[in-house]
Amino acid sequence: MIHSPRGVEDLLPQQTLQYQWIEKEAAFLFSLYGYEPIRIPTFERTELFLRSLGKETDAGKQMYTFKDKKGRSLSLRPEATASVVRAYLQHKLYGHSGEWKVYYMGPMFRYERPQAARLREFRQIGVEAIGEISPQLDVEVIEIGAEFFKKIGLANFHIQLNSIGCKRCRPVYEDQLKEYFKLNLANLCSNCRRRYQYNILRVLDCKKKECQPTIKGAPVIGDYLCEDCQDHFKKVRTGLKDAHIEFSIDPHLVRGLDYYTRTIFEIVSSLLGPQATICAGGRYDDLVEELGGPSIPAIGFAIGVDRLLVALKKEHKELHPQYSSVIHIATLDQEGLTAGYSLARILRGQGIRTRVNFSLKSLSSQLKIADKRRARWVIIVGGKEVEEGKFILRDMESGHQEKIGWDEVKHLDRRLKGNG
RNA sequence: GUGAGCGUAGCUCAGCUGGUUAGAGCACUGGACUGUGGCUCCAGGGGUCGGGGGUUCAAAUCCCCUCGCUCACCCCA
């Protein structure tokens, strides 16, 4: 037997219905804020991701990269932001006035060792807003995230916020950090000593106990933000307060990718353990320019749908109601099957979910099947009923049954309304 | 990339100090009920014990390799 590749899974009908439900809610909510749907390619030139993610990270190593027949290097998308920006530039959308707001949903790919709530193919839903610097937009984006989780019914989530400055003030802070940690290098774990070399900010994010005292004493980014960044951050905070959105400032919240600036935020579920982040986002005011476009600010976030569903299950949330056919047609012989199928057509024409039993098994077992599939009604059709032109309609809840003719079948939707 | 635990029926698992035909519960199929579900009872089907190699008179059980799953580290978009 051929098994699916590692870290890649099938979403069986019950699960797929859950994803569809989440996607539908997201699309509706995002549209209320003026975001429009976009679909971007599943793979891109590898260079696009390498340039956007930053060379210092080992993100490149965690991509599914392959050569096409002409020898070009392509990669399955590990995230969507780079593609959205690329599309924005490719279609020269900056020529239009006003910001460009889009949302996307779909699978992403990362070559990592799978573990709890982390797969090689996983699904994200995200928004990107390109072309506006106003802090009020930051508020809007964060608000959308919070509203979404609320709407989905997630009880246990928390917003963490920070500003990591811009290309003018962040280097100053990083220098200060380097100087500080240089003196305390011996007190850091081996990992942090490594991180010290290639991504100093991530040291702040370390969870090891041994590092905590040193991290606590480290300079805080807030003290080094330039005037513009400080002002921006302040407006975001007051905007969130005005909107009654709860959040906490985490001065140690950082990003592994190079392209983030100023506002960054995460939404975490405390029930998830090591993979607690269900939404991550922030500003990326320099990325458009870095990818070869004009200097245009932007912001966005991505939600990890698989993780969200895990969190919902941990909260014992009742997920999307299970689909089942409303009417099950039990057919007792060949005449019954032929007639039963015609009945099904009429019912489906009325928008009633109908399933016909093809197997001609005993009525007893067909009822059993109908019961298992949670059909509310069963129509029983055999040669006798065909001859008579009347069929048995059985209510599976009460056990009550009656005979109905073709005319009644044609209007069955009215009878079942609010009853099935 | 590193480390740990686990692979026995469709599912959850027992059996594992080597010893006849490898078990249970649930699920499935059929019957009691010859054309009426859920409950009950009865019967039945279903397993290369993940795969390969080794030790042995004898391996699900012990050893090695391999594949897979799970979790943690790493990384985190």
Side-chain angles (χ1 to χ4, degrees), chain A residues 1-9 48-50 52-54 56-63 75-85 108-119 122-124 126 128 189-192 194-195 198-199 201-202 205-208 253-260 264 266 268 272-282 284 287 300-304 307 328 330-333 336 357 359-385 391-401:
Chain A
M1 199 205 45
I2 298 176
H3 198 274
S4 62
R6 182 156 211 208
V8 169
E9 60 177 14
L48 173 68
F49 298 124
L50 290 182
S52 66
L53 298 174
E56 273 122 81
T57 65
D58 50 354
K61 287 174 199 153
Q62 297 187 344
M63 288 199 292
S75 293
L76 298 183
R77 59 184 187 196
E79 57 133 16
T81 304
S83 295
V84 170
V85 171
M108 308 293 160
F109 306 86
R110 292 177 200 171
Y111 193 92
E112 298 177 288
R113 199 93 153 237
Q115 67 184 71
R118 190 168 81 178
L119 294 168
F122 57 100
R123 292 103 204 148
Q124 283 191 337
E128 311 287 352
C189 67
S190 58
N191 247 318
C192 283
R194 203 156 44 78
R195 280 194 275 240
Y198 69 94
N199 193 342
L201 286 178
R202 288 216 70 88
D205 203 27
C206 186
K207 280 146 209 129
K208 289 249 162 61
L253 183 66
V254 297
R255 279 291 113 105
L257 301 189
D258 288 354
Y259 63 60
Y260 283 100
I264 59 169
E266 273 183 20
V268 296
L272 283 183
Q275 271 77 40
T277 306
I278 48 179
C279 174
Y284 47 94
L287 182 60
F301 69 66
I303 291 166
R307 280 185 196 178
H328 187 96
T331 58
L332 301 176
D333 45 38
N357 198 307
S359 68
L360 305 184
K361 286 185 191 173
S362 71
L363 178 58
S364 175
S365 58
Q366 291 196 47
L367 285 173
K368 219 178 264 182
I369 290 166
D371 189 49
K372 290 261 157 59
R373 297 202 191 282
R374 283 180 289 277
R376 175 64 206 278
W377 308 88
V378 171
I379 293 179
I380 301 167
V381 198
K384 209 162 70 185
E385 285 73 20
F391 318 101
I392 298 167
L393 175 67
R394 179 180 176 82
D395 182 335
M396 291 296 276
E397 250 170 51
S398 64
H400 171 79
Q401 53 187 47

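Sequence lines set the chain letters: A, B, ... in the order given, protein chains first and strands last, and positions in each chain run from 1.
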Over how many whole Å does the gap from I369(A) atom CD1 to rA27(B) atom P extend? 15 Å
Of all heavy-atom pairs between T331(A) and N357(A), which one has the smallest distance, and what is that distance? OG1-O, 2.6 Å
Side-chain donor/acceptor contact of Q366(A) with base of rU36(B) under 3.5 Å: no
Just the rounded figure in Å: distance from P of rA72(B) to NZ of K208(A). 15 Å
Check whether any side-chain nitrogen or oxygen of K368(A) sits under 4.0 Å from OP1 or OP2 of rC28(B), and answer yes or no. no
Quick one: pull up CG in L287(A) and OG1 in T81(A) and give me the separation to the nearest 0.5 Å. 7.5 Å
Does a salt bridge link D371(A) with K368(A), judged by any charged N lying under 4.0 Å from a carboxylate O? no
Taking pairing as Watson-Crick or G-U wobble with both contacts under 3.5 Å, can you name the mate of rG7(B), or confirm there isn't one? rC67(B)
Measure from CH2 on W377(A) to P on rG38(B) and round the result to the nearest Å. 20 Å
Is there a donor N/O on one and an acceptor N/O on the other, under 3.5 Å, for the side chain of E385(A) and the base of rG35(B)? yes
Under 3.5 Å for both donor-acceptor distances, Watson-Crick or wobble: does rA32(B) have a partner, and if so which one? rU40(B)
Taking any heavy-atom pair under 4.0 Å as a contact, classify A302(A): base, sugar-phosphate, or nothing. nothing
Donor-acceptor pair under 3.5 Å: do we get one between Q124(A)'s side chain and the base of rA77(B)? no
Under the 3.5 Å rule, do the base of rG68(B) and the side chain of R6(A) count as making a donor-acceptor pair? no
Nearest-nucleotide wise, let me know which of D333(A) and R118(A) is further upstream toward the 5' end of RNA chain B. D333(A)
Ignoring hydrogens and geometry beyond distance, is the side chain of R195(A) in donor-acceptor contact with the base of rC74(B) at under 3.5 Å? no
